[in-house]
Structure formats: C-alpha cells, structure tokens
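For reference, the structure is listed below as structure tokens.
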Amino acid sequence: MLPGEPAGERFRRLGDRLDHPNGGGRRRGVRRDGGPYPGRVGDAPAPVPPATFASYYGRPILKAPVWRYDIPAYLFCGGLAAGSALLAAGADLTGHDALRRATRIVGLGALGAGTYFLINDLGRPARFHHMLRVAKPTSPMSVGTWILACFGPSAGVAAVTELAPLLPRHGVSGLLGRLVPRVGRAAGLVSAAVAPAVATYTGVLLADTAVPSWHDAYPGLPTLFAGGALVAGAGAALVTTPTGQAGPARRLAVAGAVLERLAARRISRMGLTAEPYRRGHAGRLLRAGRLLLAAGTAGALLGRRSRAVSVLSGAALLASSALVRFGVFAAGVASARDPRYTVLPQRERLARRRAEAGPPRDGAARPTP
Amino acid sequence: MVEPHTAVPVDPAARAGYLAPPPRMGFFTDTSLCIGCKACEVACKEWNLVPGSGLDLLGMSYDNTGALTANSWRHVAFVEQPRPVGWQTTAPLAGLPTGPPAAPTTAGVGGAVAPEQGTLPGVVPASDAAPAARMADGAAFPGTPGTPPSGSGDRGRRAELRWLMMSDVCKHCTEAACLDVCPTGALFRTEFGTVVVQEDICNGCGYCIPACPYGVIDQRRGDGRAWKCTLCYDRIRVGRTPACAQACPTESIQYGELDDLRRRARARVERLHADGVTEARLYGHDPNDGVGGDGAFFLLLDEPEVYGLPPDPVVTTRDLPRMWRRAAVAALAMAVATVTAFLGRAR
C-alpha cells in the first residue's frame with residue numbers, strides 16, 4: 001500500500017478491472033466506461049442494448065459440441081458429393097460425357113471421405129452401425145443416416161459404371177458393357193434425387209441443438225449449406241472438366257453463390273447470436289470464405305475460355321465452401337462456450353414474456369422486489 | 001416428438017408408450033437446506049461406479065467439481081455473496097479492518113481454472129471474468145431484493161457473506177432434447193418418466209451433448225460414450241431411494257412422486273416467503289416452461305444463472321418442424337438451380 005492511499009484502494013481497483021475488462025483496452029467501439037458488453041461489433045451497431053448478466057464463475061452453461069474437425073470436414077464432403085451428384089445427373093441427361101464422368105468420380109471420392117470422417121468422429125467408431133438400429137424423425141442425425149443410406153449406394157453404383165469402357169467389347173461382358181450405362185443413369189438419377197436432402201439436412205443437424213448461434217440460425221443454415229454444396233460441386237467440376245463442357249458448372253456456381261450469400265445475410269441479421277459469426281477464428285474463416293467465393297465466381301464467369309483460370313476459380317470455390325463449413329462450426333462452438341449467448345437472449349425472452357403476461361400468477365415464480 | 005405445449009401436464013412415460021406406467025418420479029432439490037457437504041456427489045459416485053475426477057482445487061469457493069460432467073452426475077455449486085440472507089439484518093463482520101469482500105475477485109480468478117477431469121468438454125474455463133465477479137457481488141446483480149443498486153454500495157466496508165449451495169443434477173426434462181436427438185436409441189424414457197443412457201448402445205456420436213439446454217450430458221474421455229444421471233434407475237425399480245437423496249443429511253434432495261414433490265415445493269416457497277426470504281423461487285417446476293417442466297426441479301435463492309442454470313431453457317426440437325420446412329425449401333432451391341443450369345445447354 002502506498003502511503004496516504006485509503007485502505008483497500010488497490011484492491012478496489014483490481015475489482016473494477018475485473019468488472020470492466022474492456023475498460024482499459026480502448027478497443028474499437030468500446031467505451032471506456034462501457035462495462036463488459038462492448039455494445040458494438042466492428043462498425044455495425046449494437047445488435048441488442050448492452051446488458052449485464054451473471055453466471056456461475058463465468059463458465060459456460062451449455063456443453064459445447066465435442067465433435068472434432070471431422071464434422072465440418074464431413075459437412076464439406078457431403079455437400080461436395082451432393083453437388084457433384086446433381087451435376088452428374090444433369091450431365092448424363094444432356095450428354096456432357098466428360099462432366100458426368102468427372103463429377104461421378106469426385107462424388108464417390110467425397111462420399112468415401114465423408115463417411116470416414118463421420119465414423120472417425122464417433123466416440124466408439126466400432127459401433128457405427130448402431131445408427132441403423134432406429135429411424136427417428138426427431139433426430140436429424142438419424143434422418144441423415146437414412147438419407148446417406150439411400151444416397152451412398154446409388155452414387156457409388158453410378159461412379160462404378162464409369163469403369164464400363166474398361167470391359168472387353170465382346171461376349172457376355174460386352175453385353176454387360178452395353179447395359180451398364182443404363183444402370184448408371186438410373187443409379188445417378190436416384191442419387192441426384194436424394195442429393196438435395198444430403199446437402200440440406202446438415203443445416204437442420206446443427207440447428208437442432210441448444211447451441212445459440214446454430215439454433216437461432218435455423219432459417220438460414222439449410223440454405224447456406226445448399227448453396228455451399230452447389231458451389232463445391234461446381235468448383236470440383238471446373239477443376240476436373242475441360243472448358244467446353246463446364247458451362248452448366250459455371251452457371252451452377254453462380255446460383256450456389258447467390259443462395260449462400262442470401263442465407264449468410266439472413267444469418268448475420270439475427271441479433272446477438274450472429275456475433276460469433278463475425279468474431280475471432282470463425283469470423284476470419286467466414287470472411288476468407290466470402291472473398292474466395294467472390295473470386296471463384298468471378299473467375300468462373302470471366303475465364304470460360306481459359307483452362308488455367310477455370311481450374312483456379314474451381315479451387316477457390318472448393319476452398320470457399322470448406323472454409324464456410326469450418327467457420328459455421330467454429331462460430332457455434334464459440335457461442336456455446338460463452339454464457340453471454342445463452343443467458344442474454346433467454347433473459348430478453350423472459351422479460352418480453354413477463355411484460356406481456358403481467359405479474360406472475362403464483363408466489364413460486366420470481367418475486368418482484 | 002414435438003407436441004404443442006398444453007396446460008395439462010403430460011406424463012412422458014405414457015407418451016413413450018408404457019401401458020399404465022407407475023407415477024412419474026423425480027427430485028426436488030431445496031437449496032435453502034443444502035449445507036454443501038457433497039455427500040450426494042460421493043454417494044452417486046459410489047453407487048454408480050462413476051470414475052473419480054482427480055484432486056483439483058479450482059478456486060471456486062468450496063466447489064472443486066466445477067460442473068456436471070460424465071464423471072460427476074451430482075455437482076454441488078458454491079456461491080459466496082457479500083449480502084445478508086433473508087432475515088439477517090445485522091452485519092456480523094462489519095467494522096473489521098479486512099477491506100472489501102473478496103468474493104467477486106476470487107470468483108473471477110476461479111472461473112479461469114481449466115482442470116482436466118477426464119471428460120469432454122468437461123469443465124471449461126470462463127471466457128470473461130466479469131460475469132463471475134457479478135455473480136459473487138451480491139449487490140451488483142439487478143433485481144435482488146434488499147440490496148442497493150449497482151455501484152452505489154459502500155465497497156470500503158466489509159459486508160456480510162451469504163453462501164449459496166446447490167446440488168445440481170440432470171433435470172430429466174418432460175421434453176428431453178438429448179433423448180429426441182439420439183440417433184441410436186441409446187437414450188430412452190423409463191417407466192418412471194426419467195431419461196437414461198444405455199451404455200451398451202451409445203456409440204459416442206456426441207449429438208446429445210450440445211442438444212441439452214442445461215449442459216448436463218458429457219462424454220467420457222477414452223471411453224467415448226455419453227454419461228449422465230440415471231436417477232438411479234436400478235435402485236428406483238426396486239423401490240429404493242436414489243443414492244444422492246438417500247445420503248443427503250438435510251433432506252435438501254428429496255425424492256418422490258413428482259406431483260407430490262411439486263406440492264411440497266409450493267408449500268416450502270410460501271413458508272420461506274412468509275419468513276421473509278422473498279428471494280426464494282422455484283426453478284423447473286412449471287409444466288408450461290420451454291422443456292415441459294423438469295423431473296428434477298429446484299428451489300433457488302437467486303437468479304438461475306448465478307447457479308449456472310439457463311434462465312429460460314427451451315427444448316431445441318420444439319422448432320424442428322420449422323427447421324425441416326426450411327431444409328425442404330433449400331433442397332427445392334438446389335434442384336431448381338440445377339435444372340436451370342442445364343437448360344441453357346447450348347454450351
């Protein structure tokens with residue numbers, strides 16, 4: 001203690017610093033006396049009025065997902081497989097042979113990788129088949145299991161029929177060789193019919209949790225993932241297909257980018273729980289994804305004559321799709337780890353309901369002081 | 001799955017398909033009686049063979065458990081607040097030359113400790129010390145009766161300390177999100193209306209963990225499966241009391257038929273209000289709340305979030321039909337986009 005300083009002064013200052021951790025930092029948009037809630041995010045106005053809240057030692061109320069990076073990697077692979085299946089079916093029906101071949105094989109690869117990621121992430125990978133014990137409409141993961149059970153075999157068969165030209169041209173195998181493309185078309189159409197479900201159920205999968213930034217984003221997440229799937233499928237097609245046959249992929253990339261940006265705008269407007277999508281690691285991933293999406297879409301449109309530009313823009317689209325999945329995942333985890341995103345919206349909801357309902361009916365509820 | 005929330009309390013066991021199920025059983029945890037002995041934590045571990053979570057000193061008052069995890073199915077929360085409890089009007093520690101109450105500062109420090117207890121995500125550190133300090137600074141939290149408004153208190157004098165202790169547990173919700181989202185059927189509804197994980201079925205997909213609005217269920221590291229309170233399914237099936245309630249020396253944890261417990265809880269709150277403890281309130285008792293009421297509910301002496309409970313939990317599957325509709329629209333948009341992309345097939 002310094003001479004002349006009142007007893008406990010330094011301790012009080014320490015307490016004040018703990019109460020106002022942002023007070024000394026002078027971060028952008030943070031008032032010096034502004035309390036713990038910054039009130040401003042970047043240059044955007046405050047999504048909700050600054051509010052304080054209590055919590056148990058500041059620890060999170062929710063348990064954040066224990067999923068490792070397998071899950072966002074699966075989200076990307078599943079989307080890529082779905083986008084590829086749609087492109088493959090369209091290419092098959094319109095006679096884009098090179099596009100069909102490339103997208104079917106990419107789709108099978110993505111499906112295989114996605115399945116690996118899904119099983120690898122389980123706490124007990126050897127029990128993966130327990131997913132097939134039940135079909136539960138209340139569990140998006142169970143619904144997804146059955147969607148994949150329809151999609152996987154058909155997409156796999158469609159890809160395998162691409163090996164038909166390797167068969168000898170004579171005898172029984174020659175006959176088989178003529179049948180195979182029809183089987184491939186049927187399987188490819190089945191997989192394309194299921195593909196939109198493969199790409200969008202994952203949005204419900206994330207939204208159907210207590211994770212604030214995922215649950216509140218439920219109107220946007222399926223569309224975001226649908227757009228991302230089209231972008232990824234189109235990107236892979238641009239990388240693997242000669243420029244002459246990549247026209248549909250270019251148009252699909254634009255459509256996917258529009259869907260994705262519409263959904264992202266919607267998510268960014270949902271108030272306090274949109275904050276994790278802009279902040280920290282998640283914010284960086286999503287910003288990078290947005291830039292690559294713009295670059296890739298522009299390249300896909302402008303570089304239609306150049307194979308090199310097509311490959312580069314396709315790679316940018318693929319990377320953008322992956323970054324967005326990892327960004328959405330990271331934002332959800334961050335929102336579950338900070339009790340602010342759990343307590344403040346719930347407090348607001350309670351206050352709104354109390355204002356509508358008037359004083360509580362019985363003495364059991366919170367008394368008015 | 002998702003029923004409209006009606007005023008009539010539903011019997012979850014009957015809804016799950018049990019014919020003539022026994023009465024719904026539950027816990028009423030009266031925190032005004034808790035002395036923080038942690039006998040419930042020990043008894044639960046002993047009976048259910050729950051692994052130890054190590055010898056940790058978290059600096060969170062006397063709470064060295066930290067949170068409900070796969071290895072702690074009961075968790076006694078300790079909150080120190082410089083505030084008189086209910087009927088106390090004198091300040092027993094006033095005038096001592098010990099400076100301001102340390103509780104807010106120590107709470108902020110305590111929340112930053114991240115012990116490894118063998119579970120995932122387990123006990124996670126605070127991202128911000130301020131809410132912890134606010135929890136422990138009884139005067140700073142708005143809405144608490146009998147205290148001056150935030151910042152106007154005389155922080156130079158030592159105030160009284162009150163200790164909030166609360167034995168937390170799985171809430172065994174009427175609308176249980178963990179149960180709804182489990183893709184293997186490992187989580188199931190028992191005939192007593194409780195929610196139990198079957199350890200031979202669970203494949204550790206981890207979906208129940210972020211689905212729980214209370215942050216109860218957790219994954220055991222190495223083992224890979226999700227674990228939580230079973231409300232001692234093995235004991236209650238043969239008419240015994242769950243281990244924690246059996247061990248509780250003050251009957252802070254009461255086990256019984258849920259309807260009976262709700263009646264008892266209402267009487268207790270009225271009694272406490274009459275005695276001047278106006279901050280007493282029930283939590284999780286209301287069948288009309290976002291989870292359809294809890295099978296394990298509480299009497300609290302402060303706001304729920306001070307104990308680490310969500311103030312207004314909602315079962316996430318309530319919005320599931322709307323989510324599926326959104327997904328259907330998005331899927332349709334994908335199909336339309338693809339068809340359009342191929343229509344201009346000239347190039």
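Note on naming: letters A, B, ... go to the chains in the order of the sequence lines (proteins, then strands), and numbering restarts at 1 for each one. Model, not experiment: these values are computed from the prediction.
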For residues A/Trp67 and B/Tyr207, establish whether the separation of their ring centroids is below 6.0 Å. yes

Could you pull out the closest heavy-atom pair between B/Phe78 and A/Tyr57, with the gap in Å? O-OH, 2.8 Å

Working to the nearest 0.5 Å, report the span between CG of B/Leu332 and OG1 of A/Thr223. 11.0 Å

N/O donor-acceptor pair under 3.5 Å between A/Arg124 side chain and B/Gly204 backbone: no

If I compare all heavy atoms of B/Pro311 with all of A/Val343, which pair ends up nearest, and what's the gap? CG-O, 4.0 Å

Residue from A/Val204, A/Val333, A/Thr202 scoring the most non-hydrogen pairs under 4.5 Å with chain B is A/Val204

Side chain from CB out, backbone as N, CA, C, O: work out which of these in B/Ala177 comes under 4.5 Å of a heavy atom of chain A, or both, or neither. neither

B/Thr184 to A/Met131 - nearest heavy-atom pair and separation: CG2-N, 4.0 Å

Any side-chain to backbone donor/acceptor pair from B/Arg134 onto A/Phe53? Under 3.5 Å, distance only. yes

Any sub-3.5 Å donor-acceptor pair from A/Ser139's side-chain atoms to B/Val181's backbone N or O? yes

Quick one: do the A/Tyr218 and B/Arg322 side chains pair a donor with an acceptor below 3.5 Å? yes

Tell me yes or no: between the side chains of A/Tyr56 and B/Asp63, is some donor less than 3.5 Å from an acceptor? yes

Please look at A/His215 and chain B and tell me whether the side chain, the backbone, both or neither of the residue comes under 4.5 angstrom of a heavy atom of that chain. side chain

Atom of A/Arg59, atom of B/Val123 and distance for their closest heavy-atom approach: NH1-CG1, 3.4 Å

Where B/Asp312 and A/Gln346 come nearest, the two heavy atoms and their spacing: N-OE1, 2.7 Å

